[in-house]
Structure formats: C-alpha cells, structure tokens
Amino acid sequence: MSNVIQPAQLTRKDFATDQDVRWCPGCGDYSILANVQRVMPELGIPLDDIVWISGIGCSSRFPYYMNTYGFHTIHGRAPAIALGVKAANPKLSVWLATGDGDALSIGGNHLLHCLRRNLDVKVLLFNNRIYGLTKGQYSPTSEVGKITKSTPLGSTDQPVDPASFALGAHGSFVARSIDTEAQHLTMVLRRAAAHRGTAFTEIYQNCNVFNDGAFESFRSKEHQKERQLLVEHGKPLLFGEQNDKGLRLNPRTLGLEVVTLGAPDASGNVVTEQDVLVHDETNPALAYLLARMPFPEFPVALGVLFAEQRPTYDASLWEQNERAKAAQPADLGALLRSGNTWQV
Amino acid sequence: MSNVIQPAQLTRKDFATDQDVRWCPGCGDYSILANVQRVMPELGIPLDDIVWISGIGCSSRFPYYMNTYGFHTIHGRAPAIALGVKAANPKLSVWLATGDGDALSIGGNHLLHCLRRNLDVKVLLFNNRIYGLTKGQYSPTSEVGKITKSTPLGSTDQPVDPASFALGAHGSFVARSIDTEAQHLTMVLRRAAAHRGTAFTEIYQNCNVFNDGAFESFRSKEHQKERQLLVEHGKPLLFGEQNDKGLRLNPRTLGLEVVTLGAPDASGNVVTEQDVLVHDETNPALAYLLARMPFPEFPVALGVLFAEQRPTYDASLWEQNERAKAAQPADLGALLRSGNTWQV
Amino acid sequence: MTTEAAVPSSPLESSPAEGLVDSAPRRKLRGAVVRFAGDSGDGMQVTGSQFTSSTALAGNDLATFPDFPAEIRAPAGTTYGVSGFQINFASEDVFTPGDAADVLVTMNPAALKTNLKDLKRGGLLIANSGAFSTANLKKAGYATNPLEDGSLDGYELLTIDITKNTQAAVKESGLSNKESNRCKNFWTLGLMFWIYGRDMAPTIDWIEKKFAKQPEVARANVLALKAGHAYGETAEISHYRYEVPKAPVEPGLYRNIGGNIATAWGLVAASQLAKLPLVLGAYPITPASDVLHELSRHKQFGISTIQAEDEIAAVCAAIGASYAGNIGVTATSGPGMALKGEALGLAVSTELPLVIINIQRGGPSTGLPTKTEQADLLQAMYGRNGEAPVAVLAAQSPGDCFYMAIEAVRLATKYMAPVILLTDGYLANGTEPWKIPDVADLPRLDVQFRTDPEGFHPFLRDPETLARAWAIPGTPGLRHRIGGLEKDYDSGHISYDPANHERMCKVRAEKIERMARDIPEQTIEEGVDSGKLLVVGWGSTYGAIREAVRRCRARGLDVSHAHVRYLNPLPRNLGDVLGRFERVLVPELNLGQLSLLLRSRYLVPAESYPKIQGQPFRIAEIEDKIRQLLES
Amino acid sequence: MTTEAAVPSSPLESSPAEGLVDSAPRRKLRGAVVRFAGDSGDGMQVTGSQFTSSTALAGNDLATFPDFPAEIRAPAGTTYGVSGFQINFASEDVFTPGDAADVLVTMNPAALKTNLKDLKRGGLLIANSGAFSTANLKKAGYATNPLEDGSLDGYELLTIDITKNTQAAVKESGLSNKESNRCKNFWTLGLMFWIYGRDMAPTIDWIEKKFAKQPEVARANVLALKAGHAYGETAEISHYRYEVPKAPVEPGLYRNIGGNIATAWGLVAASQLAKLPLVLGAYPITPASDVLHELSRHKQFGISTIQAEDEIAAVCAAIGASYAGNIGVTATSGPGMALKGEALGLAVSTELPLVIINIQRGGPSTGLPTKTEQADLLQAMYGRNGEAPVAVLAAQSPGDCFYMAIEAVRLATKYMAPVILLTDGYLANGTEPWKIPDVADLPRLDVQFRTDPEGFHPFLRDPETLARAWAIPGTPGLRHRIGGLEKDYDSGHISYDPANHERMCKVRAEKIERMARDIPEQTIEEGVDSGKLLVVGWGSTYGAIREAVRRCRARGLDVSHAHVRYLNPLPRNLGDVLGRFERVLVPELNLGQLSLLLRSRYLVPAESYPKIQGQPFRIAEIEDKIRQLLES
Ligand SMILES: Cc1ncc(C[n+]2csc(CCOP(=O)(O)OP(=O)(O)O)c2C)c(N)n1
Ligand SMILES: Cc1ncc(C[n+]2csc(CCOP(=O)(O)OP(=O)(O)O)c2C)c(N)n1
Ligand code: SF4
Ligand code: SF4
Ligand SMILES: [Mg+2]
Ligand SMILES: [Mg+2]
C-alpha cells in the first residue's frame, strides 16, 4: 500500500530522528545511543518492524531519537506495555530503554514478570545509580551512605544489584556493559539482539550532572584492567594488567577467591590456569556468583553473565492461540447458540 | 496507663482470637496457624507488641486469627505498610502473612524492596501455587501447562521460584518449609523469629480446593525422604531413605550432581562424605544453587537456605534520626527564622 | 417498608387450569418468586439453574440472582456459608429477580435464619426438617427449633425430611450415605417441578451428561429427582400446585445469559465484527474474573488473554496491544480500577482505543467484594490526573452487557479513545433469558489503520470524529514516536506551548463530546415524555425502576422512567428530556453520583435516592419512594 | 487580549524623588515587573532570588515566579534551555508575579525569542549583545540580529556587551575565560541594583558565604556585581533610575518563602504542635520532590522521610506510620496521585489519619511536568472506588501552604480521616514575602491516643467528630484487627450486613461533613457580600483574581471575590454567599472542576472560566472576563 521503499542496507544515519537530542552535554546516554545506532543496522531488521518502548527518566527519552516506532510510556511500565505489544504482534522487534529508577524502583514488578515469563524483548537498563530526570535523588542501585537531595544525611537503603535481581527472577539472558566502552557494548548489544527471550542488559551509564564518576573506580583507564573481568563463554575468568589474575572456587564452601597465575596460593600451591574457573554462561549459579562479587576486593564482571534458550512467552501464547484456531472454527453464531437454548 | 497485666508466660491459646476461622476445611493454612500459635509464645514478646500485617488472599486472613494487633491491608501492599509501621515504631515485632499471588504477583515490587532494604519483618509466604481467594487462577509459582480457570488450555507463563527471587533481591534470610511438617516448620519459624532483618520464609501450603496435592510429589510419606533435602548449617547435604545420598559440585563447571555415599560415581571413584557439599547458610551462591535445583532430578531443599546479618533499614533510619536529633535542637521558631529575613 | 400483598403468589384465577394433564388441578399464577437456600455444599446453584432452564423452556419470562457466600468454603451449617438462588418468573415481562419470595426452600437452619426475612408474609416455606438437628440449630444461632416453636406461624410451612426421603430414594444406587446426601438438591428440584408442573426430561438429560463418567451418581440423582416429584404426587399437598402460563415473548431462539458471559461474548463479537484480534489484559478480581475465564476459552476467535501480574500491567498490556493494532481490553472491579488511573491517562493522552470494563462491587477499599454497588461512576469519570476525559457506558441488564461491550469497542476504535464500560456484581452474576441475535444483525465495526505516508503525522485527525490516525508498528513508512507528554496539534511532536496545550485538552474533550452525535437519543422506557416525575436510572437498577414505574403508572401516578446507558457523553437530548418533567428522581446504588452529574450539567434539581447496602433495589423501595413523592 | 498601558512602568510622579542620596535622581514608581531570562547555565535563578532578597529588604511587597526549562540541561543557546525568573514588586500589596514585564533582561537570543512576548510594548529591554553571535542567533531561530534589524523598535532597547564588560571587570581575579563568563549574572544584577537603587551589601555577604571555599570565585562575582553597578553610574542611562517606595506592610519579621518549603515547614510545625513524630512516604516527582528534599533535612524534629519504591509504597508507608501512631504524610503530583487511589480507599475504610499532598502539574498523563495546573480537583474528590469521601483543602499562596499543611494535619488527626491538600507547580516554585508567625500563635493540635481498654473497640466513635478511636499497636490491652473489608458499626468486626454497610458509608461521609463546623466560614476577599458578580476561585489563582477584582472595583464595577480554601467539605455558608450574587464566575486552571461541584451542590448557574495552558492566569485575563460579563 505504501510507496516507501526500504533501503536495502541500512546505515547508522537511518536510525537517527530529526529531534534534537536533549540530554545534558557529556551524558553517558549519548554514547549508548551512538552504539545502538551503530549496531542496529547490522541486524537486518526493517526500520518499520522495530519498536522502542520506554518508561520515564532521562534514559527513557531514548525512543525519540530512534527512527523506528517508539512509545514513551509512563514511569516503570515499559515491560507491561511491551507485553501487550508482543501479544498483539510477536513479529515486532521490541527494545526497551529504561533507567535504574524506572526499571528497579517503580517498575521492579513488571521487570520481574517480564524476565520470568521470558518475553521476547531486549531490555537496556541505563544504570547511573541516580534519578537523573527528577534532578538527583538516590536510586535503588545507589550505594549506602549516598548523599543526594533526598538523603542529605546519606541514604540508608541497601542497593540491589540489577544482574543479581535478574538472575533471581529467572532471566534467560543477563549481561553487563559500560556506556563508553564502545567495543564491549557493541558486542553485548549484538548478543542481546540475537537472543530470543528477555535480553536483560545493564549498562553502567555516567550521569555527569548528578552522579559524575560513579563508575570511575573501574571504568577509568587507570583501573580498567585490574578491576574489570570481561567474561566470555568457555574462556577462563582471567583479568589484570597482565591478564594473570583469575577466579578460583573452593568446591566445598563455594567461596570465590582471586588468584594469580604462577604465584603460590595461601596454601603454597602454585596456581595454574587449570585452577581458574571457566566461564559457562549457561550456569545460573556461576552467573549469580559473578554478579555479586564484592567490589573492590573482586573485579566487576562484564559481558554476558548468563544466557539460556527457553520458550518465550509470546511464542507460547501465539502457539496456543494457533492451536486453538486449528482445533475449532471461529463461529460466532455457534458460540451464541451453544448450550441450553429454546425456541419461542 | 492501662491496668491490663500481661500474663507472665503466654500459651498457644493466648494467641487465638474469638473469630471463627474461615478457611476451607482441610486447608493447609490451619496447620500453619497452629504452628505459628505454638511458636509465638516461646518468643517472649508481649502480645501487645506484635503486629500481623497481610495483603489480600486466603492466607492474608491470617491476622484475624492472631490475638495480636493486626492489619489486613490491600492486595500486595503488606510490605509497604510494614515499612511505615517499622519507621514509626521499630520496636514492634512485625509479621507478614502473604500468598504467592499477593507477594509475588501484584506485590513483587514491594517484596523486592523490603528484601533489599532488609526491613526487620518476618515474611511468611503461603505458597499454594494458586489463587485461592479468587477461586482458582494460576499464580506466578504455578507450573507451566497448568490448567486453571484462567488457563483452560494450560498456562504458558514460566514460574518464578520464591527463594530464588528472594536471593536475587539480596534477601538476608531465605528459608523454606511445609505446612504440615510441624517439627520442621516450627524450627524454621523459630529461626525466622530470631533473625534481625527481613526473614523470608516460604511455606508450601496445600490448597485442597483449587490445587490439591500440589506438593505431594515430595511431601507424601512415600517420597518425603527421597525428595526432601533438609539443609542445616555446617552439615553435609545428605538425603534419602538411608540418608546416603548427597550433593556434589564440580568446581570448574559449578554443576551439581546427586551422588550416593559408598557407591562409585560416573568416573568410577567411590563417593565419600568428603565429596559432599556442606551447607553454609552464609553463602548466597550455594543458597541460590539449592533454591533452583530442578525437580525431580534433585530433591527439594528445605530449611534455612541463607542467613546473614546485615544492618536493617529501620535501625539505620532510626539511628540517623537519633543522630540528627543529637546534633541539632528541634527549634521550630529558629527554623522559621533561618536564612534571609527582614524586620518591618 | 414494602406493601406487598400478603399472599404466597398472585393468582390469576383460583379455578383449576384447563388443558392440564397433571393429576391434580393447578392454580394459575401471573408469576412467582422462588428462592432456594442451603449450605454452600448443598448444591443450591445447580438446583437454581436447573429450575431456571425448565422455567425458560416452559416459556416464562424470568430473571435470576445467585447469592454466593463471601468465603470460599465456610464450615458447613454456618450462616456465612449459606448459598442462595432466587428466580422470578412470570407470564409477563420480568425485569428483576423479584423482591420478596413467594416460595422459600431452606435446606438447613442457617438458610432459614438468613433468608426468612425475604419471604413474603404468608408465603410458602419448605424446610428440610432432616437438617434441623440440635447441632445445626446451634450453628445457626437458634435456641429452639423454629419449625416447632410456633415462630413461623405467619407462613405456610411445609416441613419435609428431605434428607431421609432422599436417602431412601437413592438407596438402590449403592452410593454411600455421604454421597446419597448430596442428591438432596435433586429431590427438592423434583418436588418443585411437581409444584410448577415442569417437565423433568431436560434435567434428566443434563444429569446424565454431567455425570457421564460416574453413572451411579447420575442414577442416584435421577432417582432423587423422580422421588421428589413423586412425593408431590402422593403427599397431600396438591393445593400447592401452580401454573404460570407462557409469557408473550418475541419469537426467536432464546438462552439464559449472565452479565459476565454476555460481556465476554460481546467482546468476542466485537472482535469478529471489527475483524481485529483482541487482547484482554486482566488480573483476577471478584466479580470480574469470569470475563477473563470466559474469554480464555475462546482463543479460536483470535483472542489472547493475558493474566498480568497486577492491574497496572493488565491495562498497560491492553494499551500495548491497542498500540500494536489489536483491540486492547481490560476488565476489573473497583480496587483494580483505582490502580489503572495513571495508565488510563496515558491512553487518553496517546489517544489509543482501549476498553476498560469495571464490574463494580461494594466499596470503599476491599469493601464487600461479593456484593453489588454502583459507586464507581465518578471514579470512571474523574479518577485520573489532569483533564482526561473518557467515554463511559453502562449496561442495564445481563443481556445488555453483550451489546454494550460491542458498543464500547465501536466507540473506542472509531474515536481512538478509551471507553469505560460499567457493569456490576448484580449484572455479572444475574441471568435473564436472552434472544440470541442473528450475527448478520449486529452492528458493523469498520476499523481502518492508516497506511498512507503522504502527509502523515500521528495526531492527524478525522475532521468528523476528531479521531487521530491509528498507525501501527510494522506499517511501512509511518514510523513515529508517541508518549504521555503533551503533543503539538500540528505535528504530534512534544510541545510545551501554552496555547497548544489548551487546544489539545479541548480537542480531547471535544472528541468525547462528538460521540453524542453517534449514540442514540435518550428514550423513555416506561411512561410518557413529560409530566410530573421522571425517574432516571443507570446500570443494573433498570429492572427494579422499570417495574416500579410500571406499577405506579398502573395505580394512575404520573411517573415515567428513563434509563441512561451513555454516561459520557450524555445523550444529546437528555437535558430536554429532563426539562419536560416537574421533578426528577435518581435512584442509585451509591450516595448520589449520577445525580451529581445531572445537577451540575443541566442545573435540574434532581433528587437523589441512594441505597448503598451491597444489594440491588427492591421494586417496592422505588415504588414507595415514587408514591411518597407523588402522593404526599 | 490585555489592555495594559504601553508604558515601561507605572510612574507615581516623574519629578526627581526627594531624600535620595544617589548621584542621580530617580523616578518614583508604584511598582514594577522585572523578568530575567537567559540560558540554563546563565544563573538566572540566582540573579532572580538575589534581586528578590534585595527587594524584600527594601520594603516592597513582592511575588516571584521562576520558570525552569523542562529539560535537565538542554544544550546551551537553545530556546528550550531558557530559564526565566519574574518578580513583581510594589509599594502596595502584590498578589501575583505580574502579567507582562516592565523590564526584560535577556542574556542571549534564545531568551529574547521566548520572552519578548511577555514584555509590555514600550518596556525596557536589556540585552547582552555579547551573546548575539551568529551561532546563537541561529540556535534561537533568528535569521537576522533583532538588536540591529529594527524589529525591536516598539521597545526601549538597552544593548550592552555584558560578556565583555564582565570579563574586563573580573580579569584581576585570575579566573579562566570560562569561569569569568559565569559571573555575567552578577554584573547584570549590579546594573539592576543601580537602576532600582538597591544596597549591594547583603548580596556581597551572600556571595562570600556561598563561595567561601572558592575565594577567587567569590572575589570575581563581587567584582562583577560592583562593575555592573558602576556601569549604571557612568554610562549615560540615568533616565532609567527608579524608586519603588516601601509597601505599607504589617510590622513583623519577614522572609521570602516558596510553596514547597512552606508546605514542608507546615508539616514540621504540625508535628511539633501535635507532639507526634511524622513519617513522610514519598517518591520523587516534579514538582513535589522538594517537599521530600526539605523534610529530609529536618530529622531533628522527629521526622522520618522514606523515599519509597513507588507512589503506592509511599502512601502505604504513610498509612502504616499512621496506624502505628505517627503522622503519616505522602506528597506527590498528578500521575503519582493517580497511583495512590486504591490505598487512599484503605485509609478511608480503616479511618486512619493521613495527609496526602498533591502538587498539581499539567496533565493528562505525564503532560507538562514543569507547568502548573489545577486539574486534579475531581481526582482528589473521586479518584477511588466506592463511596470514599476525604477532606480536600487547597492553599492559595506560597505562604498559605504553611498554614494549610497544619490544617490538613489538624483535621486528619482530629477526625481520623485522610485529608488531601492541593497545591500546584505555581505555588510550589513561586515565592512571596511571608510574615514569620510566632510559634505560640500557631493552632494547638491536641491528639489523644486511646489507651483505656474499657469498652474498647476500634470503631468506637467520638460523638462530636465521629472520629474513631486511635489505638496504636503496642498499647496494652487494645489489641484489635482492622482492614479494608466493611466493618460492623458496633464491634468493628468484618460485617457483610446490608444495613450496616449503608450506615458505615453514611457515617464516613458524615464525618467529613462534620468538619464544616470546624472550619472557617467563607469570607469575601475583595468587595462586598452581595451584588452583581461574585468571582469564586480556589488555590493558586488567588492573587490574579484578587488583583483583577480590585482593579475592576476601582473602575466601579460591582464585583467581589471569594476564595475557597476548603473544597470538601465546603464552608457551611458558601451556598448563602453564592446565593447573594446575581452571577457567579469561576476561573480555574482546568476545564471547570470547582464549577461542576458548585453547580451540582448549590444549583447555581456558576459560569466556568477555564484556562489550561500550563500557565497561571494573567490579571488582565480575569479583568477582561469580568468586564465582558458586567459591561456587555
Ligand atoms: C508515576 C510517576 N512517578 C514519578 C515520576 C517522576 N520521575 C520521572 S523519571 C524518575 C526517575 C528517573 O530515574 P531513572 O529511572 O534512574 O532514569 P534516569 O533519569 O536516571 O535516566 C522519576 C521518579 C513520574 N514521571 N511518574
Ligand atoms: C487490587 C486487587 N486486585 C485483585 C484482587 C483480588 N484478589 C484477592 S486475593 C487474590 C490472589 C490470591 O492469591 P494468593 O495471594 O496466592 O493467596 P491465596 O488466596 O492463594 O492464599 C486476588 C487476585 C484484590 N483484592 N485487589
Ligand atoms: S541528568 Fe544525568 S542522566 Fe540525565 S541527561 Fe543529564 S547527565 Fe544524563
Ligand atoms: S481456597 Fe484453598 S487456600 Fe483458600 S481457604 Fe480454601 S483450601 Fe485454603
Ligand atoms: Mg537513573
Ligand atoms: Mg496462593
């Protein structure tokens, strides 16, 4: 019906809208946007079949800048709106942009249910550990003692780790990356895009106005190597300037420890690569361990912590409907006349 | 002010009200009530200092039957109400009675935040894997394919395991028991009562009207021994008729397996108690593994899966307030006159 | 308060009816109200619905109301475990399940205790003396046995040991004592069939189908039914035999229908008529859950049902579905409705079609979950932040739910706006005979998606309806972004412009007002179009008001009845209609909500007649009120 | 539409004022409206508030309104990044921040673009020509430079390169170019101080305190301030010197106060007066967050603030706190309010004291979050399921927020009922000089918990107020259970009894109605108590209506003003008051919500005058409307 022809090969520019991007200069959201716009053309999905859905927050303005279909909904409800969108049309490629407040404070319940149902949507959680749009209150991911507008004496709430939450909620794909680390973020986004089911991706995002430097302790060039553990399926869990540090597990206590290859451990045994845990992204317990390592005693695990294929909600719903259609004709008259009737 | 004298030593009867208990005959809620009424007198807490708070559901009628203070609130919100109660008066001993729908469907977000904040309340989740009060719809803990009033063709949602969820949410105490196993339930309730912080206790509860026998596969006398793993801190994870089965862990893959003491394993080595994991209730990863073991390949883990002491929300809030009071006088006139003023 | 004649029924003539083949003569009646009451375990709902079927087949008009206990399964014998079922049937139009009962059947003391107040003085009371044990009497709070202590002197008392009779009757089936006992309700039904001269065959059929897998049970129930019937024949009670002649109903195929089923079927029909799949987002809540249950049984019609994690997710899922081009629907009751307010505002702001069904129950808060009320009208009108107008419709009878559900979908999709349909617990669970419509006669719903990219923006409006373009994701070339922030009238982009905001607020309001051109004018249900008193109702009070007005008119009172099915916008001629009457009376199951709207809108001194007892109006209450206004 | 005189100010006399020691003579003015506008980064809010302080110290009455951009930090130079601050000050009572400005200060082209429409024709326009670069002009959408193309001919244009002047002035401080640039606002302030003859000392003090840790910055800002002032002295612009004499205000100690701070302090005061700790449950939302921020700074008063996970948890926490014997409060704005409906019903049903503050903003849905509106009145009244009456109050000025917050706590605790206090974005962010009350003059709040177990049940009522007993957990011997199901009037136990439900619904309504005995009668703000036209307002429109009515009366029009602070229950004499006027006009920042309530309640043909632009009324708009009604 339409005479608009989709360009055969999309480019980054095809994904940009004519709307002025209204984040603060220097905000981490810009680089996430750039990376997403870089990855999306690779996916081979027509622009018209993509829908970006968001709640409310700085991060949730994302849809306005993506030249796809977009729905900027209400605070915390993006997963619930997406549920209906996918029920109506499972063929759409649905992406959620959400913040730590949007996803985990007001929206925690919908995210939980999205994850356990395994709705086929990609969730990008922009975690800046602060409420940006409302100008600087602490969020459920802010550290204890944080001084913000709403906690002048320091917050008393203990934070939740998004990946830990997602794993507890039976998420089928749980990953982490950083706004400015283009290469890593791109890789994670590709993996998320390829995943069928809820692809939960936490992106550490710097809010330079209200929580500047929140991630510097492991994001800065200086600390990057020593404090980031880039996990890859099937590869040993190594990190450090020399890539000679690794994670080892005590099989009886299930306690984790950092060991140095070639160096003797506490009991004097020299550590080899054999001692080091190998990342298995299909093992939820390992993912859980990685998600919750205390910092800075342990590095921050980044990458795909967990991924498993299991049926998606939308596909199961669709199949059930199709089976029902195949089993019984859709005869309205017959429905109305079913059961006890009488003629007058 | 009052001339009512608390009896020195309370008994079970002191905890019963004059209200007719209105659960269906045979409902598992009765035995939970009986066990709670048995344990509470032991705690040495005056009746007047105990508050039972609930949402809506069969299970949520619990407060009416406890001769303490009680608040039957609205669906899913008991943890949020409790937040205010504890903020106002942290000295109260606050207990929540909730159902799988109340706690994990509509109330999932409040429970998440209760757990991560570590509000000092005891949460008893009556998990019957069904909506009882609304007469039989599936719940977030119902198994896939369940036929209920709202899923005549079988449910397509994948369930969430409450303990897994609680661990993901950084719960400081996560336990499981069964309605009718009085001894075990009593032990778990005692532990919950003693815990400072959110004591999350899932109780498998039979709804004999809408989901009868939901737990028979491991609750029945026949299967009990083979299919229940009663965990105890510091004790090896053994189960079975002969108590000769145990859980072993592959330290590199973090995979669990069931082994038989004295029998050769897959690689022909004879298994000894040394090979068997020892329960460490302070290790969240172990708890997570135990919470998510697939059934019936593995037994169902019961008991205190996880317990750790960390600051409670209410205590931290209270301390902060007290510190503020100590630091500054509460002078209303001075507040009104603070900052720029001028005399006319 | 009531002034019902103190007779067990309203005899047409007391001479034996002609043409009856029964063994004893029957008194002809215009109609009767029968109530069955027993313990939750006594099967009263089955008895009631079988009696209803037979009544329908006998050609009477009828209305029924089941009255469940609030508890799931209260302990046997207690007053709060009593389950009731009332039917009103007649040889003329029937609009309500009736006020007081002509006949009350009580299966135990608790049922007598809680229901006797609803039996007319002098009415027929059938009591199962077998259940009047000391224990049961005590549970019901009786110090002495009312069947024996003379306290029932004002009634026609027929005590039968139904328990014993049933056990004797089903003995040969070999069932256990406990199982035999369960057949009591069919014995009772058999007796009632004898009293009203009903054919047992359809019920026997039903039993045999229902218990096909337990032939002994089927057999026992049939034996009980027949024994009850035979008891009537043989016992000396033939002065209780009645006949209610056929009602003069429009020819056609009929069925019984309850409000929730009708609502669900209306949605199925609307989806078929609009040729659009439908997505129901719902969270279980009494008394709305049956809409979810029923729709989930009809997936072959392209209907998806989502049991969401809560009411907010439910309405959001419906909004998402509408956004993606399906018919998004959510169904709930009061407390759930309260939770949906914020999301409803989003649907208003993004101008998406959305149908919200609120099956009202007693409030505030958890209130009286199993009882009926009409106290959510103002919540429906105003329960959101900002100026967020939506259309509000109300069904007036169980069968009307079917048509109003279609109407809600029609208006929502045509005007791209949320439409709230109000029903209530009374409609939801009540049933009435319903003429099955021919599918070809149902309204056409002509829904068009925007596909033309030429000049497109998402808030382009149809000049007639003011509906914006429905452009769904996946449509080539129509990519756009919408949201809950204010939008520019001319481009759909976010706009903070002051004048634009006013324009948008006004156009959203105007769009709802425009629907007034597209809905029927207000009619007079009963009476004439001017005069002394107009009784204005809405929703489930229809039957009671109509019957009360009819009775008052029969007494010569100048009163008429108008029933408002469209509450926002109100019918375009409603102001004129009201203006032609000297007085306006508004009976409502709330403290005066429609009355507030009418007074404010038309500045008429509408008088509120509130009732808020979790119960429908009795005809007599309204009749009395009218007489008080007109005769004083 | 406006008919403002085309003069830059309203001169009292144009002769040089006597007694001034300044170097040049000043024109005396009755008052002036000044607006500062610049980029978000230009520090306009600081400029505005310092100018305000100096104005207050100079003894003028005043009102201010800051106008923030919706974005956090929009890119520099864009129109949507413009931040404004308006002040109206005079030698007489000031009720609003003024309609059009007499003086507009624009720091860049975008500020000019968006604000020029609000400058009176012929008004003084001060523009920082240093910022009118080609790039900035383009960002603001100017093709040519308006300072040069003659398009500003209708105004008194004063172009100064403030950027350059500032840099020159602060050079010696050694700051970087970028940092120096940040001092522009103080340079501008210095100039304005010169124009209005203000003392610089308090601002210099303020700067030195504020930047105590960055002495170079402090120094530079002081240099800039002084340079701006000196510029006035030396440049040939002495014809712009004005004096606004002191206003005749009540003696006392004064401060400036904004609505949100006043609300928070009112709560602190109420907690102190009631001798009860207060728990605020809140979730951040514009424009309500500052109430949370402010209260969280005053924990020494026994105030706990909980930033809950969402608005539902926030109100539930407040309910829990009230249940446990503290003052439970929640503060939010429209969308958050919509989420609280269900829980509010619980508070109604359990009859717990609860204060809900809704700081209204533009709706529907997310709407216009940073703009003001009054469209949540009907939501406050009816946004819950069932008959769930609550008290509704509205503050009418920033300072009034303090008193109404106390009043809300007083009524909630005395009547054991939820009380909603409505304010709005305009009140929240606007400021006015406020006479600091003596704590001893504040109302006493006498709250008693029930402690006597004798005859206790939780729904025992005070015969006067109908309040139920407040019996808190921990009290010996008063153990009881409450909840959202209907309760028996006489025992507080769950009750499904029909008549009891009606009785409870009515007593809950009656309790709210009883408050009418306990609140002030409706007064007339301006004018007399009968006549041709009564203008009835509520909330933040107070100043504009009052000033408009005053002006109209000055023209001899028969018009009066009544302002309703108690919206539910309405003042007991309000019907009488309305009845004494021929016509009633109701200006509101919505589509007619109070008007609906008045029409329905009193059957008066109140005429709605709606404005829904996210902006307060201009005085002239109301003046015009009144004249149109009375002069036509
Ligand atoms: C119902 C509701 N409550 C509160 C708000 C106010 N609000 C908007 S965004 C936000 C939180 C933003 O934090 P986050 O989700 O972390 O996003 P960020 O701005 O940091 O990207 C809040 C509280 C709202 N818009 N709606
Ligand atoms: C807001 C709201 N939504 C829905 C309901 C209806 N409702 C009451 S209890 C319940 C679920 C009960 O299930 P669960 O929590 O598992 O408790 P159970 O009855 O099984 O013990 C629901 C949906 C309600 N009361 N309030
Ligand atoms: S406030 Fe923070 S998160 Fe929001 S746009 Fe600015 S820098 Fe980014
Ligand atoms: S419905 Fe189920 S859970 Fe509820 S009382 Fe009955 S048996 Fe228990
Ligand atoms: Mg954030
Ligand atoms: Mg349950």
Side-chain angles (χ1 to χ4, degrees), chain B residues 1-6 17 19 46-54 56 63-64 66-74 77 79-89 91-92 109-110 112-113 317-318 320-321 323-330 332-333 335-337 339-344, chain D residues 53 56-57 59 202 249-256 265 268-269 272 277 279 281 298-302 304 306 308-310 312-313 316-326 328 342-343 346 350 436-439 451-453 473-485 493-494:
Chain B
M1 264 198 207
S2 142
N3 47 10
V4 172
I5 291 143
Q6 291 288 348
T17 62
Q19 297 294 295
L47 287 168
D48 295 314
D49 290 345
I50 300 171
V51 186
W52 277 89
I53 303 179
S54 65
I56 301 284
Y64 290 116
M66 292 296 300
N67 184 20
T68 62
Y69 282 91
F71 199 170
H72 180 220
T73 72
I74 44 179
R77 315 301 173 191
I81 301 266
L83 178 62
V85 170
K86 289 294 282 190
N89 187 353
K91 281 171 225 139
L92 296 171
N109 201 35
H110 307 304
L112 156 65
H113 290 278
L317 187 81
W318 198 256
Q320 189 172 77
N321 288 3
R323 253 182 288 128
K325 281 183 204 164
Q328 246 182 304
L332 179 59
L335 171 67
L336 302 183
R337 289 187 306 272
N340 278 348
T341 60
W342 66 95
Q343 190 77 42
V344 174
Chain D
S53 291
L57 288 169
V249 272
E250 233 183 286
L253 185 68
Y254 281 77
R255 66 173 310 124
N256 259 313
W265 289 7
V268 172
Q272 290 288 302
V279 174
H298 302 296
K299 308 208 156 193
Q300 72 274 20
F301 290 99
S304 301
I306 299 176
E309 56 270 27
D310 62 16
I312 299 175
C316 284
I319 291 172
S322 287
Y323 170 69
N326 283 9
E342 193 209 3
L346 178 67
T350 52
I436 299 171
D438 197 323
V439 171
T451 51
D452 183 3
T475 313
L478 298 192
R479 291 186 304 279
H480 63 275
R481 274 67 52 192
I482 60 172
L485 287 162
H493 290 318
I494 296 172

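Residues passing the ring pair (Phe, Tyr, Trp, His ring centres under 6.0 Å) test with B:His113, sequence neighbours excluded: none. Annotation: salt bridge (Lys or Arg N to Asp or Glu O under 4.0 Å) contacts of B:Lys325 (sequence neighbours excluded): B:Glu322.
Contact of D:Ile306 with chain B is made through backbone and side chain together, with heavy-atom distances under 4.5 Å. Of the atoms belonging to B:Leu317, it is side-chain heavy atoms, and not backbone ones, that fall under 4.5 Å from chain D. Both the backbone and the side chain of D:Asn256 come within less than 4.5 Å of a heavy atom of chain B. Looking at B:Leu92, only its side chain comes within 4.5 Å of chain D, counting heavy atoms on both sides. Heavy atoms of B:Pro79 lying under 4.5 Å from chain D are absent altogether. In this structure, chain B has no heavy atom under 4.5 Å from any part of D:Ser322.
Annotation: maximal heavy-atom pairing with chain D below 4.5 Å, among B:Ile50, B:Thr73, B:Thr68, B:Asn89, occurs at B:Thr68. Ranking B:Leu83, B:Asn340, B:Ile74, B:Ile53 against chain D, the residue ahead of the rest is B:Ile74, based on heavy-atom pairs under 4.5 Å.
With no hydrogens or angles considered, no side-chain donor-acceptor pair links D:Arg481 and B:His72 at under 3.5 Å.
Across all non-hydrogen atoms, the minimal contact from B:Leu336 to D:Trp265 is CD2-CE3, 3.6 Å. The minimum heavy-atom distance linking B:Asn321 with D:Ser304 is given by the pair ND2-OG, 2.7 Å.
The residues B:Asp48 and D:Arg479 are annotated as salt-bridged, a charged nitrogen and a carboxylate oxygen being separated by less than 4.0 angstrom.
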